[in-house]
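For ligands, and for the atoms within them, numbers begin at 1 and follow the listed sequence.
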Amino acid sequence: MTAAAIRAEIAATGPMRLDRFMAHANAAYYASRDPLGARGDFVTAPEITQAFGELLGVWAVTVWQAMGTPTRLVLAELGPGRGTLMEDALRAIGRVAPGFRAALSLHLVETSPALREIQRVRLGEATWHETAEALPEGPMILIANEFLDALPIRRFFRAGEAWVEQAVTLAEGRLAFTAMPAAPPPDIAAAGGGEVCEAARALAALLGTRLAREGGAALFIDYGRADEATQDSLQAVRGHARADPLAEPGEADLTAHVDFRAFAAPARAAGAAVQGPVPQGEFLRRLGLPERTAILCRNALPAQAALLQSGARRLMDADAMGLLFKAIALCDPRLPPLPGFAA
Ligand code: SAH
């Protein structure tokens, strides 16, 4: 749905719930472009250093071994972007565990036609899906970096005695925030209000059920808080700078903080175990990012080595991405503590 269609719907039927607005704005945003990189709107960990995807590939190898080296399994990624993470992961997997490389079938969940095309060129043989529900059955290892933050949220708050939720309306021809009556889920009411990502909760329940039954693990890396409901974190980014989320829907990337506690709960209730969340800096240090970076630097030109070093620092430093970003794994409860999650 384009900006014009969003405005037309509001004009015809009244204020639009925040999650519906965010879903349509992001679908329009991602559908037609590659938003990643210096010339795009934002940069993600796999685009910062090849070591990120390589270490996650080796992480998957360890999980495959802990699963008992199944001879067939699904390797899935949600929202693969440019395919960089998976390309780096598959290279590492092929090097350290050819048996895993031969056993896996690659499944990518991606709604954007433009990004699917980039992924196809990059990764070759794979099966694409619109949703995680469509992933085939069986043991699975799943990876998702900066996927959950793009899923649509609702935001509940109190207006006097009544509960309301954030919505988008038209005021004098411009998009503007408003509030409409609503009933928050019990945990959000108990917290005095805040954001809810229903799609993330449903995804956690879906994955929790299948991982407990069929085996495997799902690793999510994203940004957000681990301890309490997020209150008001919707942000728009365009050209590497903050933008107004309502200014031009479909032209900026809309994200919100991930509520890791709320994401873990439905997976546990479905029978899965949850490991983490662990701050990204700690997680990557435990996986060996400093050591892997040192090895890459040995064969790199000085300028490349400097980029690899500054990239690793950016991912690990507490005042960059090291603390706000976190890793969490939903997994088969029979699995031992997975790499990065055990001290
Ligand atoms: N994981 C990549 C890209 C992150 S950007 C990286 O780390 O670089 C978010 C990705 O999720 C994009 O590929 C986008 O097209 C995809 N995406 C966003 N919302 C989605 C949805 N509801 N279903 C499937 N894919 C989605």
Would you check if there is a donor-acceptor pair between the side chains of [Y] and [X] at a distance under 3.5 Å?
X      : Y      : result
Thr84  : Glu47  : yes
Gln231 : Glu195 : no
Ser112 : Tyr29  : no

Within ligand 1, which atoms have a heavy atom of [X] less than 4.0 Å away?
X     : value
Gly81 : 2 (C), 3 (C), 13 (O)
Thr44 : 6 (C), 7 (O), 8 (O)
Pro46 : 6 (C), 7 (O), 8 (O)

Is Val274 close to Phe341 at the side-chain level, that is, under 4.5 Å between some pair of heavy atoms? no
Using a 4.0 Å heavy-atom cut-off, say whether Pro35 meets ligand 1 through its side chain, its backbone, both or neither. neither
Shortest reach to atom 20 (C) of ligand 1 by a heavy atom, considering only Leu254, Thr111, Leu78: Thr111
Among Gly79, Ala45, Pro80, closest by heavy atom to atom 11 (O) of ligand 1 is Gly79
Charged N-O contact under 4.0 Å between Asp222 and Lys326: no
Walk me through whether Phe157 and Ile188 qualify under side-chain contact (heavy atoms from CB on, under 4.5 Å). CA-CA 9 Å; Phe157 53 99; Ile188 293 299; over 6 Å; no
Does ligand 1 have an atom under 4.0 Å from some heavy atom of [X]?
X      : result
Leu85  : no
Leu151 : yes
Leu115 : yes

